[in-house]
Amino acid sequence: MSMFEGRLALVTGASRGIGAAIAEALAREGAHVILTARTAAALEQVEERIHAAGGTATIAPLDLTKAEDIGKLAQAISGRWEKLDLLVLNAATLGTLTPVEHIDVKEYTRLINLNLLAPQALLAAFDPMLKASDKAEVVGVTSSVGATPRAFWGAYGSSKAALETLLGAYADETAFSGKLRVTVLDPGATRTQMRAKAFPGEDPADVKAPEVVAERLLQLLGEERESGAKVRVEA
C-alpha cells in the first residue's frame, strides 16, 4: 500500500514549483490532494498531470490573503471530508530585496498577509479536521533566512522567522494529542520562479529541481517520530 493511501492532503501554492511537486508526489503515494493557488489554469495543469499519473486531486482556486476565502474553503472541505491528514503551508511571496529602511510598507503588509497571516488562518480553520485525523502532519516551507538574518532579506526573512515561531507554538500546543506532527522544511536552493527572481544571474541548472524537495519531504513524512516540538530540516 502506498504511504498516503486514502489520506487527504491540502497543499497551498500548488500551481507550480515546490508546491506542485509536493502535490504530485503525495498523489503518487495515494493521497487525494486539494490544490490551492490563485491561478485556476495553472492548478488545472497540475491536476491533469496527477490524473494522468493515476492519482486524484481537487482544485480550489483562491486568494489566501482573504481570510473569508480561507473560511469558505474550510467549510467546503469539512462538508465533504471528516478529517484532514496533511496540511502543507507552501504559498509565499518574496517581495523586494532591499535594506530594512527602504522596505515599502504596503508591499511588506501584503507579504506578511500571505507568508504569515494566511498560514495562521489555515491552521485555525483546519485545526478541527487535523485533530480528527489519527495521524496528522503539518508542514511549513521556510527559508534559511528565517533562521539566519541576511542583508536585504529583512522583509522575507522576518516573515519566515515568524512562521517558524508560529509553527513551533502550534506543535507545542498540540503535543498532548500524540497524533499531530509539525515539520518545518527548508528546501534550500531550488529551481523555482522565486529563486530566479532573487538570483537572476544564476544558472537554473546549478540548483536542484523541486521534485528533489518533494522526495525529501516524503522521506521525512515516512520516518517514525513523536509528536510535539517542531522539527526543522533541510532538503
Side-chain angles (χ1 to χ4, degrees), residues 9-14 17-19 22 34 36-38 62-74 77-78 83-95 100 103 105 107-133 135-150 153-188 194 213 217 220-221 225-235:
L10 171 62
V11 181
T12 70
I18 292 172
I22 289 174
I34 300 170
T36 71
R38 287 185 300 174
L62 79 161
D63 184 349
L64 289 173
T65 64
K66 297 180 179 179
E68 62 272 21
D69 287 358
I70 292 176
K72 291 176 182 177
L73 176 66
I77 293 176
S78 62
K83 59 187 179 66
L84 180 64
D85 303 294
L86 177 59
L87 174 61
V88 180
L89 304 169
N90 167 72
T93 185
L94 177 65
V100 170
I103 291 174
V105 173
E107 182 183 64
Y108 193 29
T109 299
R110 290 193 297 270
L111 184 149
I112 292 295
N113 280 340
L114 180 59
N115 297 7
L116 178 62
L117 300 184
Q120 187 279 327
L122 285 159
L123 286 171
F126 288 99
D127 177 71
M129 291 188 72
L130 288 167
K131 289 176 178 175
S133 172
K135 184 181 179 182
E137 305 271 3
V138 173
V139 177
V141 179
T142 188
S143 167
S144 61
V145 294
T148 305
R150 188 184 308 165
W153 288 75
Y156 181 73
S158 62
S159 73
K160 289 301 184 180
L163 175 64
E164 292 192 30
T165 298
L166 184 76
L167 291 171
Y170 186 67
D172 196 35
E173 292 160 3
T174 56
F176 71 92
S177 70
K179 57 180 185 178
L180 192 154
R181 304 191 306 184
V182 177
T183 300
V184 174
L185 178 66
D186 178 0
M194 183 182 292
V213 178
L217 178 59
L220 291 167
L221 296 177
R225 190 176 93 226
E226 293 183 359
S227 61
K230 79 178 193 298
V231 172
R232 191 184 198 281
V233 292
E234 297 182 3

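All figures in this text were calculated on a predicted structure; none of them were measured in a lab. Side chains included, hydrogens not; waters and symmetry mates left out as well; all remaining heavy atoms used.
Contact between R181 and L220 at its shortest, heavy atoms only, is NH2-O, 3.9 Å. A pairwise comparison of heavy atoms in G13 and A91 identifies N-CB, 3.6 Å as the closest pair. Of all non-hydrogen atoms in I77 and M129, the two that sit nearest each other are CG2-CE, 3.7 Å. Residues A92 and K160 approach most closely at CB-NZ, 3.7 Å, considering heavy atoms. Here the shortest heavy-atom pairing between A74 and A125 reads CB-CB, 3.7 Å.
With a 4.5 Å cut-off on side-chain heavy atoms, W153 and V100 do not count as touching. Within the 4.5 Å cutoff, no side-chain heavy atoms of I103 are placed close to those of E107. Using a 4.5 Å cut-off on side-chain heavy atoms (C-beta onward), T12 and V88 make no contact. Looking at V141 and P187, their side chains come closer than 4.5 Å, going by heavy atoms from C-beta outward.
The distance from the OH atom of Y156 to the CG atom of L111 is 8.5 Å, given to the nearest 0.5 Å. Taken from CG in L116 to CG in L89, the straight-line distance is 11.0 Å, to the nearest 0.5 Å. Here CD1 of I112 is found 5.0 Å from OG of S159. Values are rounded to the nearest 0.5 Å. To the nearest 0.5 Å, atoms CD (Q120) and CG (L163) are separated by 11.0 Å. The structure places CG of L86 at 8.5 Å from CG of L10, a figure rounded to the nearest 0.5 Å. The line from CG of L167 to OG1 of T142 is 8.5 Å long, rounded to the nearest 0.5 Å.
Although no hydrogens or angles enter the test, the distance criterion places no donor-acceptor pair under 3.5 Å between the side chain of K179 and the main chain of A136. Listed for the S177 side chain is a donor-acceptor partner under 3.5 Å among the backbone atoms of T174. Under the 3.5 Å distance criterion, the side-chain polar atoms of T36 are matched with a main-chain donor or acceptor of V11. Remark: the backbone N or O of T93 is not paired with any side-chain donor or acceptor of R110 at under 3.5 angstrom. With T183 contributing its side chain and L185 its backbone, the two residues share no donor-acceptor pair below 3.5 Å. At distances below 3.5 Å, not a single donor-acceptor pair connects side-chain atoms of D69 with backbone N or O atoms of L64.
In this view, R38 and D63 satisfy the side-chain contact (heavy atoms from CB on, under 4.5 Å) rule, not counting sequence neighbours. Not counting sequence neighbours, the partners of K83 by the salt bridge (charged side-chain N to carboxylate O under 4.0 Å, His left out) test are D85.
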side-chain contact (heavy atoms from CB on, under 4.5 Å) between V138 and F126, worked out: CA-CA 11 Å; V138 173; F126 288 99; over 6 Å; no
Show the numbers, then the answer: is there a side-chain hydrogen bond (donor to acceptor under 3.5 Å, both in side chains) between S158 and Y108? CA-CA 10 Å; S158 62; Y108 193 29; 2.7 Å; yes
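Heavy-atom contacts from other residues, nucleotides or ligands closer than 6.0 Å to NZ of K72 number 12 or fewer.
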